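Here the structure comes first, spelled out in structure tokens, and everything after it is commentary.
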Amino acid sequence: MSAVHWGLLLVGLFGLFTSSVYLGMVLVGAWRFRREAMREDGLLRERPEFLPAISLFKPLHGDEEGLEANLRTFFEQDYLQHVAAMGGATAESGVSRVELLFCARSKADEGLEIARRVAAEYPEITTRFVISGAPWAANAKVCSLAAMAKVATHDLWAISDSDVRVTPDYLRRIVLPFADKEIGCATCLYRGVVVKGGLWSQLEAVGMTIEMSSGICADSLVEPVQFALGPTMVTRRARVEEMGGFESMAEYCADDFVLGNWIAKNGHKVVLSGHAIDHMVLQTDFVDSMKHQVRWMKSTRFSRPKGHFGTALTFGVPFGVMAWAGALLLGMPVLGWCALLGSMLGRSVQAWVVGRYVVQEKRIWTVMFLFPLRDLIGPLIWALSYASNRIQWRGEIYELADGGRMRRAAGSRASLATNKFASDDRR
């Protein structure tokens with residue numbers, strides 16, 4: 001049995017080494033991120049301010065908890081006020097410099113009805129409502145993006161999910177990189193915010209806030225940004241057309257990764273904004289939360305297989321537990337407790353640095369307390385991502401293939417159809 005005990009100890013110590021190296025990369029990456037965010041803060045105060053015309057794409061699918069509050073934050077942007085303060089026209093040819101586009105599968109969609117109700121309170125914002133019909137490809141969101149692209153007025157496009165909330169300066173911040181003509185795409189990090197629910201919702205939120213942001217900070221030291229994040233993707237019309245339109249990515253699960261990756265492969269810069277937004281966590285119980293997180297992990301597994309496999313070496317607390325158990329069984333309690341407590345301290349430091357200086361988490365002490373626990377269950381979610389190639393998304397079952405392509409599984413209730421889109425405008 002001593003061989004097993006030594007195995008536990010040595011594997012645990014090896015994992016503590018690799019996760020400590022990773023922690024160091026996260027801390028350096030976080031410092032670089034904060035430096036760039038401070039530079040952007042300075043640019044935001046410069047005059048004349050960069051305020052291009054922009055079309056904002058919002059795909060919708062039914063009602064969801066907090067949707068009205070989410071959408072309202074996009075109507076309450078201070079963009080037009082700043083345009084007017086700079087002496088610029090807030091409208092061109094009757095179209096506002098800020099154009100909001102909402103798309104759903106049918107006019108009766110509850111989410112679209114909520115968007116109409118909120119839009120009626122802001123008549124100064126040009127708003128368009130687009131009906132995409134039944135999805136004609138596996139990725140229904142991309143089908144909606146393709147429909148909205150056909151009616152978008154402006155050449156700078158911002159794509160944002162329905163489950164996010166933003167501050168009034170959001171649009172001004174995310175367009176900043178595009179003052180540089182070489183920028184092809186910009187994206188931003190996000191904080192997980194629990195709408196309602198208990199421990200499992202909190203742990204999922206902490207994973208969004210710290211684990212995901214940490215990975216991006218560390219990755220930035222290895223290679224330039226070559227992906228985008230779904231809650232906010234900003235690009236130019238020309239960049240989308242260059243890759244064959246949104247239609248070209250309609251068979252991919254991780255459309256956000258594909259958009260940024262293809263733009264980068266076409267020779268354009270992809271940048272990470274220094275701004276972070278709120279991503280609402282809608283899953284309330286253990287089962288729903290695990291399904292959601294495993295789906296994300298599976299998507300990453302097929303989009304970036306090597307990076308996803310290496311993620312196993314970044315979980316510090318599980319290796320700390322292994323080293324602790326092995327050391328105690330071998331009669332080395334001091335080493336064991338140092339390994340365990342050191343791993344927990346390292347994850348708390350990681351949560352504090354990333355939470356405070358990268359995503360500006362408001363509940364920093366809660367996050368510091370919960371992240372070691374989230375780190376402990378991380379390997380379980382990672383392992384489950386290899387259990388099958390099937391995911392569940394909006395009540396439908398899909399199968400993933402190499403490269404991140406997906407197809408509806410046999411027996412899935414939805415069917416593909418070729419549909420025309422329709423739109424109606426309100427100015």
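From a predicted model like this one, the values you see are computed outputs, not experimental measurements.
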Open item on the list: I want to check something: taking the side chain as every heavy atom from C-beta on, are Phe227 and Leu259 in contact at a cut-off of under 4.5 Å?
Closed with: no
Open item on the list: Between Arg356 and Glu361, is the salt bridge (charged side-chain N to carboxylate O under 4.0 Å, His left out) condition met? List the steps.
Closed with: CA-CA 6 Å; Arg356 184 179 179 88; Glu361 171 61 51; over 6 Å; no
TODO: Could you tell me whether the side chain of Leu229 reaches within less than 4.5 Å of the side chain of Ile216, counting heavy atoms only?
DONE: yes
TODO: Would you please classify the geometry between the Trp382 ring and the Tyr386 ring as parallel, tilted or perpendicular, with 30° and 60° separating the classes?
DONE: perpendicular
TODO: Using modelled atom types only, decide if a donor and an acceptor are shared between the side chain of Gln77 and the backbone of Tyr170 within a distance under 3.5 Å.
DONE: yes
Open item on the list: I need the single residue from Arg408, Arg405, Arg407 that forms a salt bridge (Lys or Arg N to Asp or Glu O under 4.0 Å) with Glu399. Which is it?
Closed with: Arg407
Open item on the list: As an exercise, state the distance from CG of Leu60 to CD1 of Ile114, rounded to the nearest 0.5 Å.
Closed with: 8.5 Å
Task: Ion pair Asp161/Lys58, N-O distance below 4.0 Å - done: no
- [ ] Taking Thr300 for its side chain and Trp296 for its backbone only, find out whether a donor-acceptor pair lies under 3.5 Å.
- [x] yes
Task: Check: Gln226/Arg304 side-chain N/O donor and acceptor closer than 3.5 Å - done: no
Task: Charged N-O contact under 4.0 Å between Arg116 and Glu113 - done: no
- [ ] Before accepting this row, confirm whether a basic side-chain N of the pair Lys291/Asp285 lies closer than 4.0 Å to the acidic partner's carboxylate O.
- [x] no
Task: Electrostatic pair Glu110:Arg105 at N-O distance under 4.0 angstrom - done: no
TODO: Flag the pair Thr187 / Ser273 as yes when at least one side-chain heavy-atom distance between them is below 4.5 Å, and no otherwise.
DONE: no
Open item on the list: We want to know whether Thr126 and Arg97 form a side-chain donor-acceptor pair, criterion being a heavy-atom distance below 3.5 angstrom.
Closed with: no
Open item on the list: Under 6.0 Å from the ring centre and within 45 degrees of the ring axis: does the NZ or CZ of Arg35 meet both conditions for the six-membered ring of Trp31?
Closed with: yes
Open item on the list: If you compare all heavy atoms of Met208 against all heavy atoms of Gly192, which two are closest, and at what distance to 0.1 Å?
Closed with: SD-CA, 3.9 Å
Task: Heavy-atom side-chain proximity of Pro379 to Pro318 below 4.5 angstrom - done: yes
TODO: Using atom types as modelled and distance alone, determine if a side-chain donor or acceptor of Ser248 lies under 3.5 Å from a backbone N or O of Met243.
DONE: yes
Open item on the list: Can you tell me which residue among Phe246, Tyr398, Trp262, Phe257 is in a ring-ring contact (aromatic ring centres under 6.0 Å, His included) with Tyr252?
Closed with: Trp262
- [ ] Let me see the working for Arg374 and Glu204 under salt bridge (charged side-chain N to carboxylate O under 4.0 Å, His left out), right down to the final yes or no.
- [x] CA-CA 8 Å; Arg374 174 60 179 78; Glu204 181 174 348; over 6 Å; no
Task: Check: Val142 main-chain N/O paired with Asn139 side-chain donor or acceptor under 3.5 Å - done: yes
Open item on the list: Looking at every non-hydrogen atom in both residues, tell me the closest pair between Pro231 and His279 and how far apart they are.
Closed with: CG-CD2, 3.4 Å
Task: Side-chain donor-acceptor pair present, Tyr357, Arg34, cut-off under 3.5 Å - done: no
Task: Side chain to side chain, Met344 and Arg347, heavy atoms closer than 4.5 Å - done: no
TODO: Start with the C-alpha gap between Glu182 and His268, add the side-chain angles, then the distance that decides, and say whether side chain to side chain donor-acceptor pair (under 3.5 Å) holds.
DONE: CA-CA 6 Å; Glu182 294 185 4; His268 307 289; over 6 Å; no
Task: Lys/Arg N to Asp/Glu carboxylate O, Arg72 vs Glu68, below 4.0 Å - done: yes
Open item on the list: Quick check on Asp180: does its CG atom have over 12 non-hydrogen neighbours (other residues, nucleotides or ligands) under 6.0 Å away?
Closed with: yes
Open item on the list: Hydrogens and angles aside, do Glu40 and His275 bring a side-chain donor and acceptor to less than 3.5 Å of each other?
Closed with: no
Task: Any donor-acceptor N or O pair under 3.5 Å, side chains His82, Glu49 - done: yes
Open item on the list: Between Arg128 and Thr153, does the side chain to side chain donor-acceptor pair (under 3.5 Å) criterion hold? Intermediate values first, please.
Closed with: CA-CA 10 Å; Arg128 302 178 188 275; Thr153 302; 2.9 Å; yes
Task: Student check: side-chain heavy atoms of Ser19 and Leu313 closer than 4.5 Å - done: no
TODO: Can you spot which of Asn70, Thr73, Asp278 makes a side chain to side chain donor-acceptor pair (under 3.5 Å) with Arg165?
DONE: Asn70
Open item on the list: So does Met368 get a backbone contact from the side chain of Ser348, meaning a donor-acceptor N/O pair under 3.5 Å?
Closed with: yes
Open item on the list: Quiz question: by atom type and distance under 3.5 Å, do the side chains of Glu76 and Tyr122 form a donor-acceptor pair?
Closed with: yes
Open item on the list: Quick check: do Ile54 and His154 have side-chain heavy atoms less than 4.5 Å from each other?
Closed with: no
Task: Parallel, tilted or perpendicular: ring planes of Phe75 versus Phe102, cut at 30 and 60 degrees - done: parallel
Task: 4.5 Å side-chain heavy-atom contact, Arg239 and Asn266 - done: no
- [ ] Using a strict cut-off of less than 4.0 Å between a Lys/Arg side-chain nitrogen and an Asp/Glu carboxylate oxygen, indicate whether Asp155 and Arg236 qualify as a salt bridge.
- [x] no
